[in-house]
Amino acid sequence: MERTVHVALGERAYDVVIGPDLVGQAGARIAPLLRRRKVAVLTDETVAGLHLEHLRAGLAKDGIELDALVLPPGESTKGWPQFTRAVEWLLETKVERGDIVIALGGGVIGDLAGFAAAVLRRGVRFVQIPTSLLSQVDSSVGGKTGINAPQGKNLIGAFHQPSLVLADTAILATLAPRDFLAGYGEVVKYGLLGDADFFAWLETHAAAMAGGDLALRTEAVARSVQMKADIVVRDETEQGDRALLNLGHTFCHALEAATGYGDRLLHGEGVAIGCALAFELSARLGLCSQEDPSRVRAHLKAMGMKTDLSDIPGDLPPAADLVALMGQDKKVMDGQLNFILARGIGSAFVTADVPGDAVLAVLQDALDQRAG
Ligand code: GLY
């Protein structure tokens with residue numbers, strides 16, 4: 001049931017291995033990369049409680065020792081204070097240039113640990129062991145690493161590719177259903193942006209996958225990672241095509257900013273709503289048929305996901321304020337908002353040519369529905 005996706009980036013190439021119990025086999029998987037039998041692990045309290053001893057045992061089978069720094073869980077870890085702590089701990093632990101740092105956790109830990117590895121001694125190698133669905137299908141692959149600044153999310157960072165990614169699909173069973181579904185928002189995104197067959201596959205199989213079917217989980221993660229790898233290989237540093245991965249994200253960032261980047265709206269939930277809005281906008285601009293946004297929304301609803309603005313608890317600001325929040329996205333270029341729109345399910349494209357009044361109207365109508 002195991003799958004391997006190769007990310008063919010020349011001297012920075014690596015494998016993403018996807019399948020059950022990879023944490024238990026971590027020693028055998030990582031040993032070929034090691035110069036000495038010792039690794040430094042960055043993780044958080046929640047993940048450590050669930051998986052750190054399993055990883056320790058998986059490494060010990062191959063005689064590999066583990067030192068771990070356990071950081072607080074949550075997005076607020078992804079800033080200078082915990083980053084400084086992590087880098088200084090890695091130095092105190094005497095991580096050498098030829099050593100491996102392991103990121104054991106979700107997107108916050110993966111991004112922080114990857115960035116720490118990027119700057120430590122001008123760059124050491126690192127291995128991602130992503131423990132959330134979102135990090136397995138998105139953030140652990142592709143080499144975007146970094147932390148948040150007071151001025152915005154992910155504004156400090158580096159491209160630093162991992163040397164190996166172990167996506168253990170059995171540990172997804174430890175996720176809260178809400179976190180699993182939020183990660184699923186990024187899975188749906190892949191079907192919507194570039195693979196109509198995958199979207200149709202998800203319409204058929206996603207309920208059983210969310211219900212726990214391990215073979216389907218492995219298949220869904222592998223297909224998502226393959227799509228991400230293909231895009232990253234074409235455009236590693238996001239000069240063009242990689243922006244396709246931001247389908248739904250322009251709307252999502254405005255909604256996340258408006259709701260305080262917290263529990264009211266998880267990132268993957270915002271991505272799902274953002275994808276529905278991007279398809280609505282595409283239909284209104286005459287780019288795709290009106291059936292497409294209906295089909296997107298029907299699938300999200302069938303999965304019990306947040307789909308509309310009315311699914312976000314609490315107040316939202318007026319449409320014009322949401323549009324202003326979009327303008328603070330880091331993907332603004334020369335003052336132009338880059339949007340990902342679609343000519344149909346599986347056919348997304350990047351454009352800067354989106355009439356502001358159309359965006360405003362989509363948001364206004366979505367807010368009106370909420371009020372009504
Ligand atoms: N998460 C979007 C990217 O890696 O480009």
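Each ligand, and each atom within it, is numbered from 1 in the order the structure gives.
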Measuring centre to centre across the rings, with the benzene-like ring taken for any Trp, is F126 within less than 6.0 Å of H160?
yes
Taking only non-hydrogen atoms of D138 and a 4.0 Å limit, the atoms of ligand 1 in range are 1 (N), 2 (C), 4 (O)
With a 6.0 Å cut-off on ring centres, are H299 and Y184 close enough?
yes
Quick check, are the ring centers of H6 and Y14 under 6.0 angstrom apart?
no
To which protein heavy atom is atom 5 (O) of ligand 1 closest, and what is the distance rounded to 0.1 Å?
R242 NE, 2.7 Å
Would you check if V137 and R223 make a side-chain contact, meaning some heavy-atom pair closer than 4.5 Å?
no
Does K228 come within less than 4.0 angstrom of ligand 1, counting non-hydrogen atoms of the residue?
yes
